[in-house]
Amino acid sequence: NKFKSFCHNYHKDPRLRSWITTKKLYNIRTWNEFLGLQERADPYPTLEEARKGWFNLVETLEIPNKFKSFCHNYHKDPRLRSWITTKKLYNIRTWKQFLGDE
């Protein structure tokens, strides 16, 4: 499989980084996204819409509305982004701000 091949051989090309580093550097989530086979949806344009998207995910997946749950499940909504990216996109600093409690 091509993914395993990448993981075993990336170090042979000094321009490539490990899969974990590559994901972080380019803010990608999947191998298909890296290969350009999967289009990424635009993020929610506003904090309010991102919040609604998160609340919908919580309800749909029946998961707790907790920060840890967000970190483990945000990728299940293609318009949500990692916590670090979310903070930058919407100019917030805390989980309470994201939830609208602050």
Side-chain angles (χ1 to χ4, degrees):
N1 125 355
K2 291 179 183 179
F3 177 71
K4 282 185 181 179
S5 179
F6 174 87
C7 291
H8 291 316
N9 295 300
Y10 73 87
H11 63 276
K12 294 177 183 176
D13 186 330
R15 298 169 296 175
L16 294 175
R17 300 292 178 258
S18 72
W19 175 242
I20 292 171
T21 302
T22 298
K23 284 173 55 173
K24 289 178 183 176
L25 275 173
Y26 301 105
N27 194 24
I28 57 174
R29 295 181 284 195
T30 67
W31 180 245
N32 282 341
E33 190 177 326
F34 176 72
L35 295 177
L37 301 174
Q38 175 184 349
E39 288 296 319
R40 187 152 190 205
D42 289 334
Y44 290 105
T46 66
L47 174 59
E48 291 74 24
E49 290 178 76
R51 184 181 298 131
K52 286 178 188 174
W54 169 244
F55 290 151
N56 184 50
L57 198 62
V58 165
E59 186 177 311
T60 303
L61 299 178
E62 298 179 352
I63 56 176
N65 183 14
K66 304 277 186 197
F67 176 72
K68 192 172 186 177
S69 295
F70 179 89
C71 294
H72 289 287
N73 294 287
Y74 73 89
H75 64 277
K76 294 175 182 171
D77 179 334
R79 299 186 72 193
L80 288 174
R81 298 296 185 259
S82 71
W83 178 243
I84 291 171
T85 303
T86 296
K87 289 188 333 181
K88 290 177 186 173
L89 274 173
Y90 307 114
N91 196 29
I92 59 173
R93 296 186 341 195
T94 68
W95 178 243
K96 283 187 174 191
Q97 284 178 307
F98 179 75
L99 295 177
D101 294 340
E102 198 174 277

Tightest non-hydrogen contact, residues Gln97 and Arg51, listed as O-NH2, 3.2 Å
CG of Asn65 to CG of Leu99, rounded to nearest 0.5 Å, is 5.0 Å
In sequence, state the C-alpha distance, the side-chain angles, and the governing distance for Tyr90 and Tyr44, and then conclude on side chain to side chain contact (heavy atoms under 4.5 Å, CB included).
CA-CA 10 Å; Tyr90 307 114; Tyr44 290 105; 3.5 Å; yes
Judged by modelled atom types alone, do Asp101 and Trp95 share a side-chain donor-acceptor pair under 3.5 Å? no
Applying side chain to side chain contact (heavy atoms under 4.5 Å, CB included) to Phe34 and not counting sequence neighbours gives Phe6, Trp19, Thr22, Ile28, Trp31
Closest non-hydrogen contact found for Ser69 with Ile63 is CB-CD1, 4.3 Å
In this structure, OG1 of Thr30 is separated from CZ of Phe3 (nearest 0.5 Å) by 10.5 Å
In short, Arg93 meets Lys87 closest at the heavy-atom pair O-CD, 3.9 Å
Tell me whether the count of non-hydrogen atoms from other residues, nucleotides or ligands lying under 6.0 Å of CG in Asn91 goes above 12. no
Separation between NZ (Lys66) and NE2 (His72), nearest 0.5 Å, reads 14.0 Å
In short, salt bridge (charged side-chain N to carboxylate O under 4.0 Å, His left out) pairs touching residues 2-22 with sequence neighbours left out are Asp13-Arg15
- Task: Give a yes or no on whether Ile84 atom CD1 has more than 12 heavy-atom contacts from other residues, nucleotides or ligands under 6.0 Å away.
- Result: no
*What about Leu35 and Leu25, same hydrophobic cluster or not, with Ile/Leu/Val/Met/Phe/Trp/Tyr joined at side-chain heavy-atom distances under 4.5 Å?*
yes
